[in-house]
Each structure stands twice: as C-alpha cells, then as structure tokens.
Amino acid sequence: MVDKKLSGAGLRGQSAGETALCTVGKSGSGLTYCGYDVSDLADNATFEEVAYLLFNGELPTAAQLDSYKSELMVLRDLPPALKKVLQLIPADAHPMDVMRTGCSFLGNLEPENDFSTQHQAANRLLAAFPAIMCYWYKFSHDGVEIDCVTDEDSIGGHFLKLLNGTSPSAQHRRVMDVSLILYAEHEFNASTFTARVCASTLSDMYSCITGAIGSLRGPLHGGANEAAMEMIQKFSSPADAKEQMAGMLARKEKIMGFGHAIYRESDPRNVIIKAWSEKLAHEFGDTSLYDISVACEEYMWDTKKLFCNADFFHASAYHFMGIPTKLFTPIFVCSRLTGWAAHVMEQRANNRIIRPSADYVGAEPRKVVPISER
Ligand SMILES: CC(=O)SCCNC(=O)CCNC(=O)[C@H](O)C(C)(C)COP(=O)(O)OP(=O)(O)OC[C@H]1O[C@@H](n2cnc3c(N)ncnc32)[C@H](O)[C@@H]1OP(=O)(O)O
Ligand SMILES: O=C([O-])CC(=O)C(=O)O
C-alpha cells in the first residue's frame, strides 16, 4: 500500500498524539489493531475477542473470553427509566439521535463517577447498545416492547435476535461478527478524535461516547453506509448505475462509500466485507444489488481512481441480511464503541488537554462604535 500524500486542511497529515491501539495505511499492512492485521482478526477471532484486545492490549485466553462474554451477557438489559425515554422518541427520529440519547441518558442513571470504573462503563455500553437500538426500533415501528435479554452469547447474534425475534443462522451470526470486527477501531478518525478531545478535559466516559456518536452520524463518516444503500437502491442495473454515477460526478456530487482521508489505493476492510456481500447475495437468491455495487466499484476506479471504503459493501451485505437501512450506522456505533472507549482510556493514561491553535483570518483590531452610530 502506498502512503497517501497528506497535507492541507482538516489537520490532514499532522500527528495529534500517540496510540498503541491501531495503525492505518502503513506500508505493508493496511490496518492493524494492537499489532494484529484486521484480516487475520476477521478470519480467526470473534468481536468479543477484539473488544477484549482493545480494552486490555492482549487477546484473551479461552477462560478469559468465556468469563468476559458472561460478564457482558449480564449487562444487556435496560433500566426501566431508559425504556421509558426510548418509548418517547418518535419513529421518524434519526436512529443515531436515539443512540446518542440512549448513551447520554444511561450516563445519568449509572454515571461513571470515578475513572477506576471505566472498564465497567465501557462494557455496560457494549452490552446495552444493541438493545437501545432495537428496543426503540421495535417499539416505535411495530408497537412491540421486546425483551432486551436473549440467549445469544455473541453481540452480533444478540442484535439479530433482538431485531428479528428468532435465532440467526450461523452464517448471519458470523457476518455480524466480522462486520463488528471491521468497524471496531480506526486510529484518529473524526469520531474517535472527538472522544479523545472530550476525554482530555477529564470528562466522563458517557460524555466522550455521546460526542463520538454525534461525529459518526455525518454522511462523510459512518453515515456513509446508509447513504450508499439509498444510492444503490436507485440504480436499476449495472449500466444504469454507471450512467447515473457519471451524472453525479459531473454535478460534483460526493459518491458515498468511496474515497478515504488516509488510504490511497484501497481500504483493506472492503475486500473482506465485499466477499461476504457476494456470499449473502447468493443466499438471498437475487444478486442484482451486488452486481450493481460491483459496477459502481469498477466505474469509480476507472474514472476517478476512487475505491470503496469500509462502508460501501456493508450496505448490500446488511441489506441481504434483512437489516433496515436506518439501523446501519447504529450498528457501526455498537462496534466502534470499543475503539472509542479504548482511546478514552489511552488518553486518560497519558493526558494533556487537547487544545490546538488557530490561524487568525478575521478583522484587524477595531473599536466598538456606539450602537446609535452603527
Ligand atoms: C468509515 C468511514 O468513515 S469511511 C468514509 C466514509 N465517507 C464516505 O464514504 C463519504 C464519501 N467520501 C468522502 O467524502 C471523502 O472521500 C472523505 C471524506 C472520506 C475523505 O475526504 P478527503 O480526505 O478530503 O478526500 P481526498 O483528499 O482524497 O479527496 C480528493 C479529491 O477526490 C474527491 N473525492 C473524494 N471522495 C469522493 C467521493 N466519494 N465522491 C466524489 N469525489 C470524491 C474530493 O472531492 C477531492 O476532489 P477535489 O480535489 O476536486 O476537491
Ligand atoms: O479513518 C477514517 O477517517 C474513517 C474510517 O475509515 C473509520 O473511522 O473507520
């Protein structure tokens, strides 16, 4: 992988601190968590192992993993007061606003009063996020109050069971696991940096994560998976996709799910989720959306040398699993929480308040003219 020439606005190319959690776009290996290549983790680990790795720096032993999964299972149910709040949020609310409120409200009920409980706060959010999303979704859309506890021992399986009310297939469980691994961590991306800035003021875990959710919500960041889904659904065939994309590029519109702030030639997560999307398309029995997605990928590379980022083939993969489009970005939250919380802990361990400077481009010094003379 070629290192991208990094300069210009948006703090691009400037180091804003140290991390032992992740490398992005380094030559030889596209993405690593604590030294492990993401493709190795996606092939050989589960999401809970990756969460444990990010929170503790090492992969768990079998006994440590068993006990960690049991700990998380006990933390899944939502307090009655939080359920009441979720019931008040209308069906047309943005699900990322629901996640933001759910996280913030839980912070009122179970505040992190002391940093010595930071692991508990992170684990509580990790265990509770799927229920926050699905409890609100099922109540507001179907009028059903779901049970927030399931017998699924993985977070991905738990989410699918909350959503569908039935146990997922082994394949769907595994795809969720891989997806959550791919989204878990990504160095100083916008939402993680938000969490670190907040942590640097010595604020609490819930505030850091609430702020990060707000940053992930935007279509230039995590919101791109939903935006990509909305786009590909409008294309009737691969040929139509190419024609419409040509128009979008001519109008200087951004094509969601393409390009990246750091990677230059490819996003290492794409090849992994793309392969799962293809498998799921065959299981779904209609590969047209996958074929359209491949046409988009080819067209963007051929015309603009822009490649799919992690979000693009997530859209079709989630769709083939029957997941409603509006829940795509909240799933990202369920995963990235691990990276955010790990960065909060890392910032706290070696903290100095993050406070950069600005280049002033405003008016020269001047005097206030009395209001009657303006
Ligand atoms: C999980 C994630 O958060 S991955 C990112 C998800 N976001 C998206 O998919 C949104 C679409 N992509 C984008 O908007 C951008 O590629 C970003 C925000 C990801 C990165 O932004 P930047 O670092 O500024 O991009 P970069 O410097 O590579 O842009 C180079 C040129 O390509 C253009 N470009 C980049 N991505 C796209 C795109 N998806 N569609 C059209 N043009 C694009 C830029 O506008 C820029 O053109 P210009 O020089 O004429 O202004
Ligand atoms: O790193 C970034 O800028 C965006 C990204 O891919 C992520 O957060 O996963």
Side-chain angles (χ1 to χ4, degrees), residues 1-16 19 21-26 30-33 38 41-42 50 54 96 179-196 212-232 241 244-273 293 296-297 299-315 317-318 328-340 342-343:
M1 181 168 297
V2 185
D3 286 331
K4 186 167 176 167
K5 192 169 177 296
L6 298 166
S7 60
L11 295 178
R12 202 71 80 258
Q14 296 177 37
S15 172
T19 184
L21 293 164
C22 183
T23 62
V24 170
K26 294 267 177 285
L31 172 59
T32 63
Y33 303 166
V38 76
L41 292 168
V50 169
L54 292 170
M96 286 296 278
S179 164
L180 294 171
I181 291 171
L182 297 181
Y183 272 146
E185 163 55 8
H186 219 242
E187 201 221 28
F188 278 23
N189 60 84
S191 56
T192 301
F193 195 59
T194 302
R196 280 193 87 125
I213 293 171
S215 291
L216 190 70
R217 183 191 196 289
L220 296 190
H221 194 7
N225 56 15
E226 286 176 45
M229 186 68 220
E230 278 151 21
M231 181 183 75
I232 56 177
Q244 292 208 46
M245 287 178 108
M248 291 170 78
L249 290 176
R251 291 189 297 276
K252 301 243 173 280
E253 288 172 25
K254 280 264 165 76
I255 313 280
M256 296 305 165
F258 284 87
H260 199 271
I262 304 293
Y263 299 124
R264 187 188 185 87
E265 292 185 331
S266 66
D267 180 331
R269 300 165 293 186
N270 177 54
V271 65
I272 301 169
I273 196 62
S293 303
C296 295
E297 184 180 36
Y299 183 76
M300 287 296 279
W301 184 253
D302 291 346
T303 56
K304 298 285 284 183
K305 290 285 168 280
L306 282 168
F307 53 86
C308 297
N309 58 48
D311 281 332
F312 190 69
F313 277 95
H314 259 106
Y318 285 166
F328 289 5
T329 318
I331 299 173
F332 197 156
V333 171
C334 295
S335 162
R336 182 58 59 88
L337 160 71
T338 54
W340 292 333
H343 277 273

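Every number for a ligand or one of its atoms is a count from 1 in the order of the listing.
Distances below 4.0 Å separate heavy atoms of Gly259 from the following atoms of ligand 1: 16 (O), 19 (C). The ligand atoms of ligand 1 that sit less than 4.0 angstrom from a heavy atom of Ala224 are 6 (C), 7 (N), 8 (C), 9 (O). Listed by number with element, the atoms of ligand 1 under 4.0 angstrom from any heavy atom of Phe332 are 1 (C). Per-residue contacts place Phe258 under 4.0 angstrom from the following atoms of ligand 1 (heavy atoms of the residue considered): 9 (O), 11 (C), 12 (N), 13 (C), 16 (O), 36 (N), 38 (C), 39 (N). Every atom of ligand 1 is numbered from 1 in the order shown, and the set under 4.0 Å from a heavy atom of Ala261 is 20 (C), 23 (O).
Judged by distance alone, the side chain of Asp267 and the main-chain N or O of Ala310 form a donor-acceptor pair under 3.5 Å. In this structure, the side chain of Ser335 engages the main chain of Ala184 through a donor-acceptor pair within 3.5 Å. For the pair Asn309 (side chain) and Gly259 (backbone), a donor-acceptor distance under 3.5 Å is present. A side-chain donor-acceptor contact under 3.5 Å links Glu185 to the backbone of Glu187.
Remark: distances from the non-hydrogen atoms of Phe312 to ligand 1 are all 4.0 Å or more. Under the 4.0 angstrom criterion for non-hydrogen atoms, Pro219 is in contact with ligand 1.
Within 4.0 Å of ligand 2, counting heavy atoms only, the contacting residues are His186, Asn189, His221, His260, Arg269, Arg336.
Phe312 places none of its side-chain heavy atoms less than 4.5 Å from the side chain of Met300. Counting heavy atoms from C-beta on, the side chains of Thr338 and Val50 never come closer than 4.5 Å. With contacts defined as side-chain heavy-atom distances shorter than 4.5 Å, the pair Trp340/Val333 qualifies.
Side chain to side chain, Asn270 and Tyr263 fail the donor-acceptor criterion of an N or O pair below 3.5 Å.
Every residue meeting the salt bridge (Lys or Arg N to Asp or Glu O under 4.0 Å) condition with Arg196, not counting sequence neighbours, appears here in chain and number order: Glu346. Applying the side chain to side chain contact (heavy atoms under 4.5 Å, CB included) rule to Glu253 yields the partners Met248, Arg251; only residues at least two apart in sequence or on another chain are considered. Residues passing the side chain to side chain donor-acceptor pair (under 3.5 Å) test with Tyr33, sequence neighbours excluded: none.
Within the set Lys254, Lys305, Met256, the minimum heavy-atom distance to atom 10 (C) of ligand 1 is found for Met256.
Between Gly257 and ligand 1, an N or O atom pair is found at a separation short of 3.5 Å. Below 3.5 Å of separation, one finds no N or O of Met300 facing any N or O of ligand 1. For ligand 1, the polar-atom distance check against Tyr183 finds no nitrogen or oxygen pair separated by under 3.5 Å. Of the polar atoms of Arg12, at least one N or O is found under 3.5 Å from an N or O of ligand 1, judged by distance alone. Ligand 1 has no nitrogen or oxygen under 3.5 angstrom from a nitrogen or oxygen of Asp311.
Proximity of the aromatic rings of His314 and Phe332 is defined here by a centroid distance below 6.0 angstrom, and this criterion is not met. In this structure, Phe188 has its ring center closer than 6.0 angstrom to the ring center of His343.
In Asn309, the part holding a heavy atom less than 4.0 Å from any atom of ligand 1 is the side chain. Contacts between Leu306 and ligand 1 below 4.0 angstrom, taking non-hydrogen atoms only, involve the side chain exclusively.
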